[in-house]
Amino acid sequence: LAGAGDYEIRAGITVNSSGPWLNGLLGHAKGATHIRRTGNLRAFNLLLKRDLTGPYALGLKSRISESGTRDLFSRGSRYLFITPWNGRSLVGTQYLSVDDEPVDFKISGEQITRFLGDINACGAQLTLKTEDVGYVYSGYIPTYRDRNGKHKIGVLKSIYDHQSLDGTDGLISARGSKYTESRLIAERVTDLVINKTGGSYRAGDTGPDNAAEEERFDPELYIARESEKNSGFLNPGMTRRLILTYGLSYKDSLQYTDR
């Protein structure tokens with residue numbers, strides 16, 4: 001929008017998918033209740049200037065140097081992953097602290113040095129130094145509070161219909177935690193919007209290939225058939241999970257299975 005003025009935009013249904021700013025945005029909605037027991041975990045990954053593992057990814061058991069994040073893990077250690085990325089290596093993830101509301105933050109040199117120490121201490125004969133770091137990717141990861149009030153990585157619930165939550169009609173909040181589940185959450189939010197408006201829509205590119213196929217397409221039958229096809233190398237529950245997450249394009253992920 002041109003200029004710095006305020007504009008009022010009306011819609012029958014509004015979907016609040018603003019990530020770490022979800023509750024802050026809800027504060028501007030009259031009558032809307034904040035999503036309780038949530039938090040935002042500061043985290044970062046390191047992109048190294050060199051390749052450590054070739055075409056392979058590597059998982060390493062690591063100590064937890066950031067004392068404020070030990071409650072996130074059920075044990076006194078966690079795993080770090082080294083992943084190949086365009087001829088370099090991406091290493092992560094380092095967790096720092098939990099904020100109720102997002103704030104501007106920067107990763108300090110001391111935090112990077114401490115994380116490099118964690119990586120080097122994994123026993124993989126690594127001697128990484130700060131000059132090996134090419135870039136730092138940082139951001140927030142969603143958390144929730146368990147019954148003991150401790151933060152855990154993830155979300156208790158992904159989609160909230162505020163009409164049933166606090167009586168605010170026409171408002172839906174969506175909060176995800178995994179990139180691989182984004183399509184599934186988007187589909188469920190779309191279904192909820194369509195059901196609330198009484199409309200209909202046609203499946204997108206990850207649905208049936210044509211109108212004739214769409215008309216006779218039975219998702220449960222498709223899942224059953226694919227589960228049977230994959231039974232020699234994949235259990236039915238995993239096939240169902242892949243289809244619900246990736247749609248018909250789930251077959252692209254089968255190349256990574258051990259047949």
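At a threshold of 4.5 Å between side-chain heavy atoms, the hydrophobic network of Ile, Leu, Val, Met, Phe, Trp and Tyr places L60 and V91 in one connected group. By the rule that hydrophobic residues join a cluster once side-chain heavy atoms approach within less than 4.5 Å of another member, I13 and I194 end up as members of separate clusters. V189 and Y246 fall into different hydrophobic clusters, where Ile, Leu, Val, Met, Phe, Trp and Tyr side chains are chained together by heavy-atom contacts under 4.5 Å. V155 and I141 are members of different hydrophobic clusters when ILVMFWY side chains are connected at heavy-atom separations under 4.5 Å. Residues W85 and L80 do not share a hydrophobic cluster, clusters being chains of Ile/Leu/Val/Met/Phe/Trp/Tyr side chains in contact below 4.5 Å.
Rounded to the nearest 0.5 angstrom, L165 CG and I172 CD1 are separated by 12.0 Å. Going from atom CG of N230 over to atom OG1 of T239 covers 4.0 Å, rounded to the nearest 0.5 Å. Note that CD1 of I153 and OG1 of T143 are 8.5 Å apart. Values are rounded to the nearest 0.5 Å. For the atom pair L254 CG and F233 CZ, the distance stands at 5.0 Å (nearest 0.5 Å). E187 CD to S182 OG: the interatomic distance, rounded to the nearest 0.5 Å, is 11.5 Å. The OG1 atom of T168 lies 10.0 Å from the CG atom of D161; values are rounded to the nearest 0.5 Å.
Inter-residue side-chain proximity for L48 and R88 is flagged as unmet; no heavy-atom pair is nearer than 4.5 Å. At a threshold of 4.5 Å between non-hydrogen side-chain atoms, the residues L96 and I107 count as touching. Put simply, the side chain of L46 reaches to within 4.5 Å of the side chain of L116, judged on heavy atoms. Contact annotation: the side chain of T127 never approaches that of K129 to less than 4.5 Å [non-hydrogen atoms, C-beta and beyond].
The main-chain N or O of L128 is found under 3.5 Å from a side-chain atom of N120 such that the two form a donor-acceptor pair. Of the possible donor and acceptor atoms, one in the side chain of R78 sits under 3.5 Å from a partner among the backbone N and O of T93. In this structure, the side chain of R37 engages the main chain of R145 through a donor-acceptor pair within 3.5 Å. Using modelled atom types, no side-chain atom of N40 and backbone atom of Y140 make a donor-acceptor pair closer than 3.5 Å. Looking at K196, its side chain never comes within 3.5 Å of a backbone N or O of G170 through a donor-acceptor pair. Between the side chain of N23 and the backbone N or O of I35, at least one donor-acceptor pair lies under 3.5 Å. Looking only at distances, no side-chain donor or acceptor of E228 sits under 3.5 Å from a matching main-chain atom of R225. Although no hydrogens or angles enter the test, the distance criterion places no donor-acceptor pair under 3.5 Å between the side chain of S158 and the main chain of I185. Judged purely by atom type and a 3.5 angstrom limit, T245 has no side-chain atom pairing as donor or acceptor with the backbone of L242.
Shown here is E110, whose CD atom has no more than 12 heavy atoms of other residues, nucleotides or ligands within 6.0 Å. More than 12 non-hydrogen atoms from other residues, nucleotides or ligands lie less than 6.0 angstrom from OH of Y137.
Scanning all heavy atoms of the two residues, the minimum distance from K106 to Q111 falls at O-OE1, 3.9 Å. C122 and S62 get closest at one heavy-atom pair: SG-CB, 3.7 Å. Smallest separation of non-hydrogen atoms from A174 and L22: O-CD1, 3.5 Å. Residue L171 comes nearest to A29 through the heavy atom pair CD2-CB, 4.2 Å, listed as atom of the first residue, atom of the second, then distance. R183 and L244 get closest at one heavy-atom pair: NH1-O, 3.8 Å. Heavy atoms only, all atoms of each residue included: Q255 and D252 are closest at NE2-O, 2.8 Å.
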Discussion item. Could you walk me through whether K49 and D132 satisfy the side chain to side chain contact (heavy atoms under 4.5 Å, CB included) test, starting with their C-alpha distance in whole Å, then the side-chain angles of each, then the deciding distance to 0.1 Å, before giving a yes or no?
Written reply: CA-CA 6 Å; K49 295 178 180 178; D132 292 316; 5.7 Å; no
Item to complete: Could you give me the CA-CA distance, side-chain angles and deciding distance for Y160 and N16, then say whether side chain to side chain contact (heavy atoms under 4.5 Å, CB included) is met?
Response: CA-CA 10 Å; Y160 298 85; N16 177 12; over 6 Å; no
Worksheet item: side chain to side chain contact (heavy atoms under 4.5 Å, CB included) between R240 and E220: does it pass, once the steps are laid out?
Response: CA-CA 9 Å; R240 166 179 284 273; E220 289 300 325; 2.6 Å; yes
Item to complete: Decide yes or no on side chain to side chain donor-acceptor pair (under 3.5 Å) for S173 and H162, but give the supporting numbers first.
Response: CA-CA 7 Å; S173 289; H162 285 269; 2.7 Å; yes
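Ionic pairing of E226 and K229 is present here: one or more N-O contacts between side-chain nitrogen and carboxylate oxygen are shorter than 4.0 angstrom.
Residue pairs meeting the ring-ring contact (aromatic ring centres under 6.0 Å, His included) criterion with at least one partner in residues 20-51, sequence neighbours excluded, are F44-F115.
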